[in-house]
Amino acid sequence: MHDFKSRLISELADQTKSFFKVEMLLDAALESLKVKESESLLFGKLTVLHYRMFGGEGSGIYRAAAAVELMILGLDIIDDLQDEDHNGMPWHRLSKDIALNLAIGFLTLSQEVLLHCDFPLERVHQSAVYLNRQVLTAINGQTLDLLNEVQDEEDYLRMVGQKSAALLVCACMIGVIMATGQADERVAEYAREVGIAAQIKNDYRDLLDWGNKNDFLRRKKTLPLLFLLSAADGEEERWIKDYFAGRLELEDVLHRAGEFEALIERTGTTLYTSVRMRSHYYQFLDIIESMEVDMKWRDLMIEAAK
């Protein structure tokens, strides 16, 4: 997979140029692909990796991997528009209506590219059905996230399982289906565990970022923050709950970044988050190490999951 990135970027650019005809839209799409080029292309990589892991040969899988990355890009744009996140991205330089068209275009192009992969029609159809269902699952999860009604760990895991973890499962499973003609529930299980672990890690990182993305400042319920709220029960920590309940305004807490970070350590939030994240990662390891797959590809998957 040494030439994976260049081959995938080439496939993404070729497909984008073929189907985006309005000059402004095409320019915005190509600028968006440059963002992809600067990233790890993890989802496409997982598609190719699982295709090889399950015995697939040939270069046709790169088109399927491009379809997966186009799907992720479309959903990322929608997610950023909803959360008003990552303001430096090229789609934020567009009006919201054009940016939404760009996102819809990428999602639709994802299906178009997948349906024209050079694989047996039955495998292509099964992959397209799987991708559609996982996107719908992720949309339900994103809606739960936007509603911000998570009350406990069970709610959080249900939401994450439907959102980010569902997309990771999709990326892995498209590779499996193209290689074998059928889904593998063990792959779905371990990919779900990796997705949950990654989301917990991201949520903890966002809690420490005392800026626009800080989940506490945005009053966004995540697993680390739910634990912090339950653990911050002292009088000197009351401001945490007061702000989250809306009894304090943003300007009342912005100067307390150092105090907040110390509180994360003192309440055991860091330890709790690390334990929860590692428990899901170890479940992934247990599953994949029990499978009879080539050690080379298994080790690459373990490396990608770190």
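Worth saying up front: this structure is predicted, and the values here are computed from it rather than measured.
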Note to self: Quick one: does any side-chain atom of K296 pair with a main-chain N or O of M53 as donor and acceptor, under 3.5 Å?
What the structure shows: no
Heavy atoms of A103 and I78 approach each other most closely as CB-CG1, 3.5 Å
Subject >> Any donor-acceptor N/O pair, K21 side chain to S18 backbone, under 3.5 Å >> reply: yes
### Flag for T273-R276: side-chain donor and acceptor within less than 3.5 Å
no
So the ring pair (Phe, Tyr, Trp, His ring centres under 6.0 Å) pairs with at least one residue in residues 158-207 (sequence neighbours excluded) are H50-Y190, Y190-F284
Residues at least two apart in sequence or cross-chain that pass side chain to side chain donor-acceptor pair (under 3.5 Å) with D286, listed by chain then number, are none
Looking only at heavy atoms, the pair that brings R192 and V169 closest together is N-CG2, 3.7 Å
| task | Give the intermediate values and the outcome of salt bridge (Lys or Arg N to Asp or Glu O under 4.0 Å) for residues R186 and E189. | result | CA-CA 5 Å; R186 298 168 302 172; E189 282 183 52; over 6 Å; no
Between the CD atom in Q142 and the CG atom in D79, the distance rounded to the nearest 0.5 Å is 4.5 Å
V48 and F4 have their tightest heavy-atom pair at CG2-CE1, 3.9 Å
For A66 and E11, the nearest pair of non-hydrogen atoms, with its separation, is CB-CG, 3.6 Å
Scanning both residues in full, the closest heavy-atom pair of K241 with A232 reads CE-O, 3.2 Å
Quiz item: So, S110 side chain and A67 main chain: donor-acceptor pair closer than 3.5 Å or not?
Solution: yes
- Within the distance-only criterion (no hydrogens, no angle test), does the side chain of T47 pair as donor or acceptor with the backbone N or O of G175 below 3.5 angstrom? no
The reported gap from CG in L223 to CD in E153 (rounded to nearest 0.5 angstrom) is 5.5 Å
d(E69 CD, L46 CG) to nearest 0.5 Å is 9.0 Å
Q.
D242 vs R238, test: salt bridge (Lys or Arg N to Asp or Glu O under 4.0 Å). Steps then yes/no.
A. CA-CA 6 Å; D242 284 346; R238 178 175 292 181; 5.1 Å; no
**OP:** Determine yes or no for a side-chain-to-main-chain donor-acceptor pair under 3.5 angstrom, with D145 supplying the side chain and M159 the backbone.
**Re:** no
For I174 and S127 the tightest heavy-atom approach is CD1-O, 3.3 Å
Here the gap from I196 atom CD1 to H280 atom NE2, rounded to the nearest 0.5 Å, amounts to 5.0 Å
Exercise. Is there a donor-acceptor contact under 3.5 Å from the side chain of T108 to the main chain of G105?
Worked result: no
To the nearest 0.5 Å, atom CE of M173 lies from atom CD of Q134 at 8.0 Å
- Take R158 and E154 through the test salt bridge (Lys or Arg N to Asp or Glu O under 4.0 Å) and record every step on the way to the result. CA-CA 6 Å; R158 186 182 304 114; E154 184 178 349; 3.2 Å; yes
dist L226:CG -> Y156:OH (nearest 0.5 Å) comes out at 9.0 Å
For residues 25-34, please give each side-chain donor-acceptor pair under 3.5 Å, one per line with the distance, not counting sequence neighbours.
from	atom 1	to	atom 2	distance (Å)
E31	OE2	K34	NZ	3.2
S32	OG	A28	O	2.9

*asked:* If we count only N and O atoms by modelled type, under 3.5 Å, do the side chains of E122 and Q126 hold a donor and an acceptor together?
replied: no
Is the Y51 to Y62 ring centre distance short of 6.0 Å? no
W91 side chain to I98 backbone, donor-acceptor under 3.5 Å: no
Test item: D206 side-chain N/O and N214 main-chain N/O as donor-acceptor pair under 3.5 Å: no
- Query: In terms of the angle between their ring planes, are W239 and F216 parallel, tilted or perpendicular, with boundaries placed at 30° and 60°?
  - Reply: perpendicular
